[in-house]
Amino acid sequence: MRRLLALRVRGELKTGHVRVAADALGVSERTVWRWLAEAGRDERAADEPGARAQTGTRFTITPEVRALLALWKGNVAAVQRELAARAAGRPVADVGTQAGPPPGTALPPDVPSLTTLHRAIRRDLMPGERAGLAGGERAARKHDVFLARPRGWRNQVWETDHMQAPVLVDVEGKARRPWITWFTDCATNAITGVAVTPVHPSRESVLAALRSAVLREEPYGPFGGLPEKVRVDRGKDFLSRTVTAAFDLLDVTVEDLPAYTPHLKGTVEGLNRAVESMFLAALPGYARQPRPGKRASRPKDEVLLGFEDFTARLLAWTLWWNTEHRPAPLRGKTPLEAWQDDPTPLRDVPATDLWTFTLEDAGTRTLTTRGIRFRKRDYVGPWMTGQAGIQVRVRFMPHHDHRIEVYHAATGRYLGPADLADQATDEQISAVRRARAARTRRLKKDLEASQRERYAAVNQPEAPRRLGALTTAQAEAELAQTADTDLAQIALPDLIPPAAPPADWRTPASLAALTTPGLPVPLPSGRDSTATAPDGSDGRAARPTTDEDGDAS
């Protein structure tokens, strides 16, 4: 750099010299020219070209700037405008309407330029801090480093979760997005159990998936047994009384993870992402498929999968995942190979016992000649003949109210199922549901009409002005109609005023004015109407006393 400076002083510096120096230093020609200009002002700059002067007045990020970055969601230009507004004494409310100082305008001495502010933010704030100030905790978490858990052994830890599939499926003539509930083994990445529901899942979905995960009989395959621990994410279905009781009976520890920590159950979260990109994205009715046109609407001629077909395809993909897919953490093995290579013994549960453990307990009932009374309905079964009068214990699958399971209350022996007596036909149930849906739509429409309000558009600061004019006659008619239907206004409690109290009662003037003028109420039998009881110490009439026979004395 000093040689170039000397050539410049002698007037012998050429563009070719600058180009050769720029190529040798790996910078642009413009940067070399800027370095020469700095060296011309201060020869010490030629010793370390490009090095910035380390002065004590260099701008640094202060807590005030951090707060403004969070306020403006990482908009550095808006932060610089607000700093300039505060230094100039302008109202802070005008910052959003200011376009910033014009180019070439001198800034106050304590306000950095936009370039200086950008440089200070990049220097003083980490990428995670910048992302967090702009997008919150979730954006900052993308820059964190997470530790990987050891693989462990099979059935050491399972993870479970609900996932709404981004695929529209035909469910009884309606397009719905089904939900998937599954359990996955953290050591082998195997999907041990899965359950699919057309609508939002419940504790019944968790129990159905748990049964398919624990059982190792066909068609569930070799995966299964009882795990030592299951991780859940504070879902109310996973922490319901029925599910936690089933886990307790099966001697399985439930690890309730903190809220908003999906990285603590990365195995099942990775499965949720994988199933969408590897399977669901290719199905008809995929809701996140890019669509042509301004509005991303689904083609009208698109044929959706039926719920049964969707479930069959999902189970086939689950089988492929377990037997053919080779996840990267398994280092070339399939989940099935990793499962079979693990010598850890398995804890199995008989299917009958598992069914009992995953049912909700409804307490004891008495078997009568009409069957078993449960939730104000009667349930009967062919095995009940000749057993009326015994005490039984009722267990049931949540939301499956068409059948209950009955056990002997004293011995716990399974007696058999009981079905709902006088159950309505499918046509009747469909008609009831249609009537309920129509009533709900009417009520929603009425509520929306009563709450709809319109306001006038303004282009000047003024109070909001409500639209919707009424004539005096219209207002009176509507108020009269409301009064006719309002039970509180129809009630007339003072239509017949109460009768006047006896003459010897000391009635307040405010209450006496509300009574019917006329003869006082006759005194009770056996009492002299002219006799008065002596007043008490507070000036009020003393309460009459009664003897043992109940007569006044």
Side-chain angles (χ1 to χ4, degrees), residues 148-167 169 177-198 201 205-206 208-227 229-233 238 262-289 305-342 344 346:
R149 292 192 180 97
R151 300 301 299 179
W153 54 90
R154 64 181 182 180
N155 283 355
Q156 180 193 14
V157 179
W158 286 1
E159 293 178 355
T160 181
D161 194 15
H162 293 310
M163 174 194 176
Q164 188 178 22
V167 177
V169 176
R177 293 175 55 184
W179 285 79
I180 306 172
T181 305
W182 41 29
F183 287 83
T184 178
D185 181 60
C186 297
T188 62
N189 283 61
I191 302 175
T192 56
V194 61
V196 187
T197 51
S205 307
V206 180
L210 178 62
R211 279 196 298 272
S212 67
V214 173
L215 292 177
R216 296 198 299 132
E217 305 172 353
E218 291 297 334
Y220 305 112
F223 306 99
L226 291 178
K229 181 190 298 185
V230 174
R231 294 194 185 106
V232 300
D233 58 354
F238 298 103
H263 59 282
L264 295 182
K265 54 182 182 67
T267 304
V268 71
E269 292 291 344
L271 179 61
N272 291 338
R273 294 189 296 268
V275 69
E276 179 175 356
S277 60
M278 300 173 68
F279 170 65
L280 299 177
L283 295 180
Y286 180 60
R288 298 171 184 169
Q289 184 72 29
L305 293 175
F307 179 73
E308 184 177 358
D309 191 8
F310 172 80
T311 305
R313 296 192 184 195
L314 178 65
L315 295 179
W317 180 86
T318 301
L319 179 62
W320 171 85
W321 173 279
N322 286 337
T323 58
E324 300 182 27
H325 180 56
R326 302 179 185 274
L330 299 184
R331 300 180 180 179
K333 293 183 179 181
T334 64
L336 178 60
E337 294 172 350
W339 182 275
Q340 293 175 344
D341 293 343
D342 194 331
T344 305
L346 302 176

Give me each pair satisfying salt bridge (charged side-chain N to carboxylate O under 4.0 Å, His left out) with a member in residues 276-286, each pair once, sequence neighbours excluded.
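For residues 276-286, and leaving out neighbouring residues, the salt bridge (charged side-chain N to carboxylate O under 4.0 Å, His left out) pairs sorted by first residue read E276-R288.
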
Check: With a 3.5 Å cut-off and no angle check, do the side chains of R326 and N189 form a donor-acceptor pair?
Finding: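 On atom types as modelled, these side chains do not qualify, holding no pair under 3.5 Å.
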
**Report entry** Side-chain H-bond candidate by donor/acceptor type, D185 with W153, under 3.5 Å
**Finding:**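 Short answer, no.
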
Test item: [X] and [Y] side chains (from C-beta on) under 4.5 Å apart, heavy atoms:
| X | Y | value |
| --- | --- | --- |
| V230 | E159 | no |
| T334 | N322 | no |
| L280 | V275 | yes |
| P222 | L336 | yes |

| Partner set under ring-ring contact (aromatic ring centres under 6.0 Å, His included) for W321, not counting sequence neighbours |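 With sequence neighbours excluded, W321 shows a ring-ring contact (aromatic ring centres under 6.0 Å, His included) to W317, H325, given in chain and number order.
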
Set of ring-ring contact (aromatic ring centres under 6.0 Å, His included) partners for W339, sequence neighbours left out: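 Expected list: F223.
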
Candidate pair R231 and F238, rule side chain to side chain contact (heavy atoms under 4.5 Å, CB included), full reasoning
CA-CA 10 Å; R231 294 194 185 106; F238 298 103; over 6 Å; no

side-chain contact (heavy atoms from CB on, under 4.5 Å) with P178: which residues, sequence neighbours excluded?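 For P178 the side-chain contact (heavy atoms from CB on, under 4.5 Å) partners, ignoring immediate neighbours, are A165, V169, V196, F307, F310.
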
List the residues meeting side-chain contact (heavy atoms from CB on, under 4.5 Å) with E308, not counting sequence neighbours, and say none if there are none.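 For E308 there are no side-chain contact (heavy atoms from CB on, under 4.5 Å) partners, ignoring immediate neighbours.
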
Any donor and acceptor pair, going by atom type alone, linking the side chain of [X] with main-chain N or O of [Y] inside 3.5 Å?
| X | Y | value |
| --- | --- | --- |
| Q340 | E337 | no |
| T160 | W182 | yes |
| T184 | I191 | no |

Atom pairs and distances, side-chain donor-acceptor, residues 262-270, under 3.5 Å, sequence neighbours left out:
unit_1: K265; atom_1: NZ; unit_2: D161; atom_2: OD2; d: 3.4
unit_1: K265; atom_1: NZ; unit_2: E269; atom_2: OE2; d: 2.4

